[in-house]
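Notes for the one structure printed next.
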Amino acid sequence: MRLATWNVNSVGARAPRVREWLEESQPDVLCLQELKCPAEAFPAEITDGLPYEVAAHGEGRWNGVAILSKVGLDDVVRGFEGQPGYAPPPGDPDSVLVTVEQAPVVEARAIGATCGGVRVWSVYVPNGRALDSPHYGYKLEWLAALRRALEAEVRSAGAFVIAGDFNVARTDADVWDPGAFTGSTHVSEPERSAVSALEELGLTDVVPRALKHGTPFTYWDYRAGMFHKNEGMRIDLVLVSERVVAGLKDAYVDREARKGKAPSDHAPVVIDFDL
DNA sequence: ATGGCTCTGTCACAGAGA
């Protein structure tokens with residue numbers, strides 16, 4: 001089975017690139033993040049004439065996740081139990097974390113489905129913005145809540161995958177210059193611990209091969225030629241259960257998809273495994 | 001040098017991304 005994850009930074013703007021990539025790479029399952037559109041606006045031309053089913057969970061302007069599968073798409077779940085909500089108070093330029101009971105808005109950041117015998121989650125973890133921002137606490141709580149929600153499922157499922165944009169660089173080797181991230185989100189100890197806690201449920205972070213430079217980065221900022229200088233980060237992760245690890249054949253970052261006309265700022269991470 | 005680019009919603013920008 002071939003499974004991939006890709007933050008496409010607008011599935012509308014990226015529709016031709018996503019379709020082209022599906023045809024070339026032929027994944028059995030593709031997890032998408034940052035759709036930036038409602039589920040009903042998911043572009044049909046991405047899969048027209050191709051053997052994929054689509055389950056999307058989106059909202060108007062930001063966020064949005066989807067799972068595309070050609071090996072079945074069953075038991076679709078949008079969001080997870082206890083997922084924290086986030087609401088900007090009227091007139092407040094910043095926002096505050098609210099409890100799930102109070103939450104008027106639960107963002108479209110997680111979708112689960114069973115595909116060909118594998119339980120799959122596509123997740124888009126909140127950015128965090130800054131260490132002193134309320135969004136940072138929201139990010140940590142979001143990851144903690146994800147762990148609580150999926151614990152039983154991870155332990156009972158045979159083949160299980162959580163893939164997506166985690167917005168966390170797990171080690172200093174996962175950013176091009178650790179010094180550039182002093183005092184920033186994505187590299188802080190609490191963020192790294194929150195991902196490790198998820199992994200401790202019995203999952204393995206599949207570190208992909210880099211096809212160039214020896215650094216398996218998955219994201220490069222659009223600005224200042226950072227892709228061409230390989231100033232990137234590994235923040236898109238594929239966490240898999242033991243059953244998947246046992247059948248793992250290959251894993252790589254498809255940096256070719258970061259090139260060319262109108263690319264996403266992320267590249268797909270692809271894993272190949274037998275069950 | 002805290003910028004650089006790109007996206008959406010809306011129509012010249014603001015907000016977000018990481």
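In the text below, chain A, chain B and the rest are named by the order of the sequence lines, each starting its count at 1. These values consider heavy atoms only, across backbone and side chains, with no hydrogens, waters or symmetry-generated copies.
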Can you tell me whether the side chain of Asn127(A) and the base of dA18(B) have a donor-acceptor pair closer than 3.5 Å?
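Indeed there is one.
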
Is the distance from the ring center of Trp142(A) to that of Phe166(A) below 6.0 Å?
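Between Trp142(A) and Phe166(A), the centre distance exceeds or equals 6.0 Å.
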
Is the Trp176(A) to Phe181(A) ring centre distance short of 6.0 Å?
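Yes, they do, as the ring centres are separated by less than 6.0 Å.
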
Closest to the Arg61(A) side chain: dC7(B), dG17(B), dA14(B)?
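Of dC7(B), dG17(B), dA14(B), dA14(B) is nearest to the side chain of Arg61(A).
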
Provide the distance between the two C1' atoms, one in dA14(B) and one in dA1(B), to the nearest whole Å.
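Here dA14(B) and dA1(B) have their C1' atoms 24 Å from each other.
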
Does the pair Arg147(A)/Glu199(A) count as a salt bridge with the N-to-O cut at 4.0 Å?
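Here Arg147(A) does not pair with Glu199(A) in a salt bridge, since their nearest N and O are not under 4.0 Å apart.
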
Checking all strands, does [X] fall into the base, sugar-phosphate, or nothing category for heavy-atom contacts under 4.0 angstrom?
X	value
Met233(A)	sugar-phosphate
Asn63(A)	nothing
Tyr219(A)	sugar-phosphate
Asp236(A)	nothing
Tyr124(A)	sugar-phosphate

Would you tell me if any nitrogen or oxygen in the side chain of Ser10(A) comes within less than 4.0 Å of OP1 or OP2 on dT8(B)?
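Looking at the OP1 and OP2 atoms of dT8(B), one of them is under 4.0 Å from a side-chain N or O of Ser10(A).
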
Can a side chain N or O of Asn167(A) be found less than 4.0 Å away from OP1 or OP2 on dA18(B)?
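Yes, within the criterion.
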
